[in-house]
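Lettering follows sequence order; numbering is per chain, from 1.
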2 protein chains.
Amino acid sequence: MSTDDLIGHVERLRAAPLDRWPTRDRILYEAGRLMAAKGYHGASTRDISTAVGIRQPSLFSHFPSKRDMLVELMRYEMSVPTDKARQIAAESAPAADRLLRYMQWDFDWYARMPLDLRGIKEELLDEPGLERFKGELAAWKRAIERIVRDGIHAGEFHDASPAVVSTMMSSISWEIVRTSGLGRSRSASSTLRLGAAEFILRGLLVDRG
Amino acid sequence: MSTDDLIGHVERLRAAPLDRWPTRDRILYEAGRLMAAKGYHGASTRDISTAVGIRQPSLFSHFPSKRDMLVELMRYEMSVPTDKARQIAAESAPAADRLLRYMQWDFDWYARMPLDLRGIKEELLDEPGLERFKGELAAWKRAIERIVRDGIHAGEFHDASPAVVSTMMSSISWEIVRTSGLGRSRSASSTLRLGAAEFILRGLLVDRG
DNA sequence: CCTACCGATCGGTAGG
DNA sequence: CCTACCGATCGGTAGG
């Protein structure tokens with residue numbers, strides 16, 4: 001599935017109640033929830049199947065292995081935002097515009113994500129078969145830091161460290177993953193969403209509007 | 001062990017080569033490293049004992065259970081900084097002073113930590129027997145946000161969201177845990193350490209010095 | 001999507 | 001700190 005297909009699929013899931021989701025997506029939902037609570041290794045395939053309401057071996061007619069559930073969640077967590085960051089970084093609008101627009105898209109993507117991505121951690125990229133996501137993570141970072149560097153070069157931004165900015169941004173996305181999502185309270189994360197983008201821009205802009 | 005004892009113990013570990021550490025600390029070191037790489041559940045007691053160079057059952061003459069290794073690591077990760085934050089928050093110096101001083105201490109604590117704390121995640125607080133650390137996490141947050149609120153009230157700081165500030169700060173600490181420590185490169189984290197404290201203060205201060 | 005089942009590995013104990 | 005070993009649980013397969 002392409003990035004646009006994944007985005008469209010998420011829209012459809014958001015529009016339907018959980019018990020109307022295809023089994024495959026319900027498996028992904030419960031796998032995400034349990035990996036968030038117990039970690040990837042701590043969430044057993046029996047836990048997942050019980051939550052879905054099927055028997056453990058039935059999982060393997062939807063996914064060839066537990067790892068493939070993780071790979072699918074990783075696409076939502078990482079591949080889609082990386083694609084979006086690359087796309088916005090390549091535009092020619094002022095850096096402040098691009099950075100704000102990306103942050104809004106990013107924070108919104110995670111805040112409205114119907115799957116639970118809290119268990120999808122960077123260390124899992126060391127698991128065999130997940131190495132390819134390391135390249136995507138690096139590409140995301142490169143895209144964001146390119147926007148910051150553009151802004152510094154154009155005199156819009158202070159001479160801040162691009163790495164500090166990308167770090168703070170991904171930390172905030174992660175915090176949004178942690179505090180929002182289906183079934184969790186969104187109020188804390190909505191304060192964060194608005195406050196953080198403003199805070200980051202305030203720290204960067206030479207001319208504070 | 002009290003907070004001061006833990007701080008002193010860390011100083012001593014830092015001063016000695018790993019192979020001169022007491023077995024108990026070498027176990028903690030390898031447990032931390034492996035939990036960072038594979039998660040708490042993914043790091044088996046056999047993995048840990050092999051890394052230490054002893055047999056698996058020998059671990060249990062140093063720790064009553066695997067969970068107790070986690071509890072000990074949690075003390076370094078959480079109890080010590082919470083104590084320090086509470087202490088600095090209670091002082092009467094200007095908020096900007098206190099905030100900067102705490103950030104310097106905090107970022108330095110994690111940057112020079114000889115144990116690997118990357119596997120010590122907030123979700124683990126839901127494990128049975130670890131609930132008490134939830135209170136410490138809340139106390140840390142309360143202490144930081146009290147400093148920010150003091151600063152806003154005194155007119156030193158903009159009317160920012162205290163929750164956004166504490167979130168950004170803990171995200172940065174976490175990033176330092178991820179990028180520094182024994183055997184990892186410290187250069188990225190030293191940029192972050194200096195840049196982030198400056199960035200946060202710049203975003204807060206009414207009068208940008 | 002089910003029942004029946006596999007070999008491997010888990011955390012931990014007994015006893016020295 | 002060791003050897004020997006425990007019952008429980010793991011991810012996954014066979015065959016319908």
For residues 40-47 of chain B, which residues have at least one heavy atom under 4.0 Å from DNA chain C?
B/Ala43, B/Ser44, B/Thr45, B/Arg46

Is the closest basic N to carboxylate O distance between B/Asp150 and B/Arg98 below 4.0 Å?
yes

In which stems does DNA chain C show up, taking only runs of three or more Watson-Crick or G-U wobble pairs whose two distances fall under 3.5 Å?
C:1-16 with D:1-16

Any chance you could lay out the side chain to side chain contact (heavy atoms under 4.5 Å, CB included) test for A/Arg193 and A/Ile172, step after step, and finish with the verdict?
CA-CA 8 Å; A/Arg193 211 148 90 228; A/Ile172 287 156; over 6 Å; no

Going by side chain to side chain contact (heavy atoms under 4.5 Å, CB included), name the residues that satisfy it together with A/Asp47, two or more places apart in sequence or in a different chain.
A/Leu34, A/Lys38, A/Ser44

Would you verify whether the NZ or CZ of B/Lys66 falls within 45 degrees of the ring axis of B/Tyr40 while also being under 6.0 Å from that six-membered ring's centre?
yes

State, without any angle test, whether A/Glu198 and B/His158 hold a side-chain donor-acceptor pair at a distance under 3.5 Å.
no

Which residues within residues 51-63 of chain A lie with some heavy atom under 4.0 Å of an atom in DNA chain D?
A/Gln56, A/Pro57, A/Phe60

So that I can tick it off, tell me whether A/Glu123 and B/Arg118 are bridged by a salt bridge, with the cut-off set at under 4.0 angstrom between side-chain N and carboxylate O.
no

Atom pairs and distances, donor-acceptor, side-chain atoms in residues 85-92 of chain A, under 3.5 Å, two or more places apart:
residue : atom : partner  : partner atom : Å
A/Glu91 : OE1  : A/Arg101 : NH1          : 3.2
A/Glu91 : OE1  : A/Arg101 : NH2          : 2.9

For A/Gly129, is there any backbone N or O sitting under 3.5 Å from a side-chain donor or acceptor partner on A/Glu131?
yes

Sequence neighbours left out, what passes salt bridge (Lys or Arg N to Asp or Glu O under 4.0 Å) with A/Asp68? Give chain and number order.
none

A/Ala37: partners by side chain to side chain contact (heavy atoms under 4.5 Å, CB included), with sequence neighbours left out
none

Note: contacts of residues 67-77 of chain B with DNA chain D (heavy atom, under 4.0 Å) are none

Among pairs that include at least one residue of residues 52-63 of chain A, which meet side-chain hydrogen bond (donor to acceptor under 3.5 Å, both in side chains), considering only residues two or more places apart or in two chains?
A/Thr45-A/Gln56

Check every nucleotide of DNA chain D for an atom under 4.0 Å from a heavy-atom of chain A, then give the first and the last such nucleotide from 5' to 3'.
D/dC10 to D/dT13

Rounded to the nearest 0.5 angstrom, the CD1-CG distance for B/Ile147 and B/Leu204 is 11.0 Å

Could you please spell out the steps behind the side chain to side chain contact (heavy atoms under 4.5 Å, CB included) verdict for A/Leu124 and A/Glu127?
CA-CA 5 Å; A/Leu124 291 172; A/Glu127 298 280 322; 4.2 Å; yes

Which residues pass the salt bridge (Lys or Arg N to Asp or Glu O under 4.0 Å) test with B/Glu145, not counting sequence neighbours?
B/Lys141, B/Arg149

Among all residues two or more places apart in sequence or in another chain, which pass the side chain to side chain contact (heavy atoms under 4.5 Å, CB included) test with A/Glu77?
A/Tyr110, A/Leu117, A/Ile120

